[in-house]
Every structure is written in C-alpha cells, then in structure tokens.
Novice: 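Mind having a look at this structure? Questions to follow.
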Amino acid sequence: MRIAMVGTGYVGLVSGACFSEFGIEVTCVDKDAGKIDRLNRGDIPIYEPGLDELVARNAEDGRLTFATDLSVAVRAADAVFIAVGTPSRRGDGHADLTYVFEAAREIAAALDGYTVVVTKSTVPVGTGAEVEREIRTARPDADFDVASNPEFLREGSAIGDFQRPDRVIIGTDSQRARELLRTVYRPLYLNETPILFTNRETAELAKYAANAFLATKITFINEISDLCERVGADVHDVARGIGLDGRIGRKFLHPGPGYGGSCFPKDTLALARTAAQAGTPLRIVETVVDVNAVRKRHMADRVIAACGGSVAGKTVAVLGLTFKPNTDDMREAPSLDIIPALTAAGARVRAYDPAGMPEAKKLLDKVEWCDGEYEAIQDADVLVIVTEWNAFRALDPERVKSAMRSPVVVDLRNVFDPATMAAAGLRYTSIGRPGLGAGTKPKAVRDAG
Ligand SMILES: NC(=O)c1ccc[n+]([C@@H]2O[C@H](COP(=O)([O-])OP(=O)(O)OC[C@H]3O[C@@H](n4cnc5c(N)ncnc54)[C@H](O)[C@@H]3O)[C@@H](O)[C@H]2O)c1
C-alpha cells in the first residue's frame with residue numbers, strides 16, 4: 001500500500017507519519033520547499049509533542065519520505081490524501097477552496113492506475129463531487145474515486161488522536177474505494193475503533209457539525225460564566241453539575257477568552273454560510289460566531305477593569321499566546337485580539353509563550369518578547385494568563401508577588417486557585433467565579449414573574 005499526502009501541515013504531516021507507522025509507504029508532499037528541506041534534514045517545522053520521534057523513526061526505516069513535486073508520489077499511490085488548508089475566504093467567510101482545487105488538478109495530471117483521491121481537508125458539503133468533476137474533466141481516461149475522510153485530530157495531542165480516534169468517518173458510495181480505505185485503516189479497525197461508512201456529503205457535513213457543536217458548547221459555558229459572575233455562582237461547579245449528566249458530558253465546559261485556532265472560527269463561519277446558501281440558516285451557529293467574536297474583543301476590557309479603569313503607561317505581562325497549549329499555532333488566537341487592544345489603550349506589553357513566539361512575532365508588533373515567565377512578570381503592573389500552558393500552573397505566587405510592581409493577576413483560563421492567590425497577597429481576577437469576576441459584585445436575581 002502506498003499513500004501520497006498532499007499538504008504537509010499540521011494534519012498532513014501527522015497523518016502521513018501515523019500512516020507510515022501503520023506500515024504503509026507514505027510520501028508527504030508540500031509546495032513549500034523550505035518545509036520539505038527542513039523535513040529532509042530531520043527538522044520538524046511545527047511544534048507537536050512526539051512528532052519528531054515518530055517522523056525520525058519512519059523516515060529512517062524508509063517508509064516516510066518528503067517531496068515538493070507530487071507527480072512521482074501520486075503516480076505510485078493507491079490513495080492520495082488532500083490535506084491542504086481551507087481558510088476563510090476574505091469578505092464572505094466561505095471556505096476558500098483554491099488550494100483544494102489546485103491540488104486536485106495537479107493530482108489529476110499524475111493519476112496512473114486505480115487511485116482513491118481522499119479529501120482529508122475540511123471542505124463544505126458538495127466539494128467531493130466538484131473535485132471529482134474537476135479530475136474527470138482533466139482526465140476522462142483516469143480510473144479513480146473521490147472519497148471524503150475528514151480529520152478530527154486536535155493539535156497538542158494529534159498523534160494519540162490519530163492512533164486512537166473516537167471514530168473514523170469515510171464517505172464514498174464506491175465499494176472499491178471503501179475496501180481500499182478499510183485496508184488503510186486496518187490497524188484501527190483491529191483496535192475496534194468505530195469506522196462509519198457513509199456517503200460523501202454526510203462525511204463532509206459531519207465534520208462541520210462536530211466542530212460547530214463543540215464551539216457551541218464552549219460558547220455556552222462562556223456565557224454561563226458571565227452570568228455566574230453577576231449572580232455569585234461558581235462556573236466550575238455549574239460545569240461539573242451539568243457535565244456529570246451523561247447526556248451533556250464534562251468536556252469542553254471550561255470557560256475562557258473565546259475559542260480560537262485553525263478550525264472552529266473558520267468552520268463555524270463556513271457552515272453558517274453553507275446553510276444560509278442552502279436556505280436553511282443555522283441561527284444557533286450564527287449566534288455562536290457573533291458571541292465568540294464579541295467575547296474575544298471584550299477580554300482586554302477585563303484587564304483594563306482589573307487595573308482600575310486604565311492601562312495607559314502600565315506594564316502588562318502576557319503569559320501564553322497560542323490559541324491553546326502544546327501547539328505553536330497562532331491562528332485566530334485570543335491573544336491576537338487582546339494584545340493589540342491593550343497596546344492601543346496605552347499599555348506596554350511584555351509577553352512569553354513556550355512555543356508560539358516565532359509565529360507571534362510575525363503577527364504582533366509593539367510587544368517586548370521575553371525568554372521566560374518570570375522575565376515577563378518582572379516589574380509588571382498586571383499579569384494576564386491567556387493560554388493555559390502547564391508551566392504557568394506551576395508559577396510560585398509568592399515569587400510572582402515580589403517580582404511585580406503591583407500585584408494584579410487576570411487569569412483568563414482559571415489555572416490558579418483563588419484562595420492560594422489571595423493568601424499570597426495577589427489581587428486575583430478569574431472567569432466565572434463568585435466575587436472574582438470583572439470587578440462586579442454578585443447581584444440578587446429574582447424571578448421577575
Ligand atoms: N490543524 C488542525 O488541527 C486540523 C484538524 C482537523 C482538520 N483540519 C483541516 O485540515 C486541513 C489542513 O489543515 P492544517 O492545519 O494542516 O493546514 P496547514 O496550513 O498547516 O497545512 C497545509 C499545507 O498544505 C500545503 N499546500 C497547499 N497547497 C498545496 C498543493 N497544491 N500541493 C502541496 N501542498 C500544498 C501548504 O504549503 C501547507 O504546508 C484544513 O482543511 C483544516 O481545516 C485541521
């Protein structure tokens with residue numbers, strides 16, 4: 001079995017390396033020659049725990065190779081996966097499919113013998129059919145099927161997610177393509193991973209529905225956390241109280257500064273656009289998109305409120321820049337809203353992130369970049385936790401207090417224990433916990449009826 005993986009980013013590189021670990025011969029292709037050069041030198045272009053060893057092992061055994069030109073890899077492949085980016089299209093929020101169709105045309109030119117072309121990229125419902133038409137038009141003679149196999153891995157735990165997924169979804173009506181993909185995923189099949197075979201449209205839509213549901217869950221608990229602050233309730237206990245109900249589940253009920261990342265923002269937007277176009281608007285998803293955007297913008301206001309109404313001339317230490325821990329991915333990270341708002345309000349921002357700084361430096365200006373947590377905190381007027389890296393949980397409150405000019409901590413991820421922070425003499429603000437919210441006192445709320 002041979003696979004060509006077209007696009008060697010977060011999804012393509014992890015999937016390619018994991019398929020090679022299954023014993024399949026994989027060539028990962030990318031247009032970005034710099035990326036392929038680095039991979040050929042054994043240097044991993046992204047931060048993903050465990051990926052360096054996995055790539056090194058399989059490259060050394062000769063099962064995993066890297067190339068800029070897809071033609072050789074596609075010609076030899078039984079399955080060609082498309083794992084290129086599908087960002088938001090500027091202006092209207094639809095998924096930009098330029099890279100997908102470019103890849104499809106290049107693949108078409110190289111097809112040789114029966115091949116399954118698989119869209120692993122997150123693509124709007126109907127894209128598989130269009131990819132098939134493009135390839136058929138370019139190569140009426142080719143023997144191929146187009147299947148959908150959306151990817152559900154999470155950055156930061158991508159290898160474990162790929163090797164032990166909750167499910168695999170394969171969308172195709174072709175029996176031949178099904179059998180080939182069943183062989184590709186055989187190790188997972190033997191593991192008793194649920195493998196859902198369905199049609200292409202269903203597989204495409206299931207990916208968007210999953211992301212929209214998770215984004216909704218996060219946004220729901222974020223709004224509940226605002227209410228908690230107003231009424232003296234504790235969002236952690238509310239989350240536990242509802243999450244222990246098996247119908248709801250405990251995951252994705254952690255309040256924070258709003259979801260970001262490479263998937264939820266663009267996928268919620270694209271799904272809302274698809275639905276509106278189909279004449280069945282998804283009003284819940286549209287609202288989630290709006291509520292989340294407003295929330296991210298308002299996070300800087302919390303910092304300003306914690307500083308007594310102004311950050312002008314103050315030094316703000318920001319810990320965490322990436323959209324979540326254990327990745328270097330800065331796409332749509334809340335820090336990209338918070339930091340510019342703080343500098344616009346006159347703050348001097350000092351920042352540190354364990355993995356995100358090389359990318360953050362390209363996206364943010366007027367920031368003093370620090371080499372560690374305590375360097376960022378030194379002489380700061382306020383400390384803001386934006387991403388919940390484990391290293392930040394281990395900060396010593398006494399040391400934080402003595403390093404800072406004034407002892408104000410705004411914890412947008414609730415990583416600290418309020419009592420410990422108070423005991424160290426820190427003025428601590430977190431999210432959705434009684435008396436600790438954005439400076440508001442709990443109000444008694446009575447049923448208006
Ligand atoms: N990042 C995630 O956590 C995640 C999870 C699940 C699904 N997805 C989806 O997977 C897809 C890829 O996401 P990503 O985060 O890996 O993107 P990415 O931007 O990290 O990687 C995409 C890569 O494709 C390359 N590329 C573009 N056109 C090409 C072409 N014609 N030939 C060869 N290479 C080409 C780019 O140079 C880039 O390296 C997206 O649709 C995304 O929504 C991402």
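Keep in mind that what you see is a predicted model, and the values were worked out from it rather than measured. Both ligands and their constituent atoms are indexed starting at 1 by order of listing.
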Novice: Are Arg295 and Asp226 ion-paired here, with the side-chain N under 4.0 Å from a carboxylate O?
Specialist: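 Result for this pair is yes, salt bridge flagged.
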
Novice: Spell out, as yes or no, whether a donor-acceptor pair under 3.5 Å connects the side chain of Arg2 to the backbone of Ile24.
Specialist: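 No.
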
Novice: Would Phe81 and Phe19 count as a close aromatic pair, with their ring centres under 6.0 Å?
Specialist: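 Yes, close enough.
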
Novice: Does atom CZ of Arg186 have more than 12 heavy-atom neighbours, drawn from other residues, nucleotides or ligands, at distances under 6.0 Å?
Specialist: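 Counting other residues, nucleotides and ligands, CZ of Arg186 stays at 12 neighbours or fewer.
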
Novice: Between ligand 1 and the protein, give all atom pairs where both partners are nitrogen or oxygen and the distance is under 3.5 Å, as lines of names plus distance to 0.1 Å.
Specialist:
from	atom 1	to	atom 2	distance (Å)
ligand 1	1 (N)	Glu155	OE2	2.8
ligand 1	1 (N)	Ser262	OG	3.2
ligand 1	3 (O)	Glu155	OE2	3.4
ligand 1	15 (O)	Arg331	NH2	2.9
ligand 1	16 (O)	Tyr10	N	3.0
ligand 1	16 (O)	Val11	N	2.8
ligand 1	20 (O)	Tyr10	N	3.3
ligand 1	34 (N)	Lys31	N	3.3
ligand 1	37 (O)	Asp30	OD1	2.6
ligand 1	39 (O)	Asp30	OD1	3.3
ligand 1	39 (O)	Asp30	OD2	2.6
ligand 1	39 (O)	Lys35	NZ	2.6
ligand 1	41 (O)	Thr86	OG1	2.6
ligand 1	41 (O)	Thr122	N	2.9
ligand 1	43 (O)	Thr122	OG1	3.3
ligand 1	43 (O)	Lys266	NZ	2.6

Novice: Atom CH2 in Trp389, atom OG1 in Thr327: separation rounded to 0.5 Å?
Specialist: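 That separation rounds to 7.0 Å.
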
Novice: For the backbone of Glu151 and the side chain of Lys207, can you confirm whether one donor and one acceptor N or O come within less than 3.5 Å of each other?
Specialist: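 Yes: the side chain of Lys207 pairs with the backbone of Glu151.
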
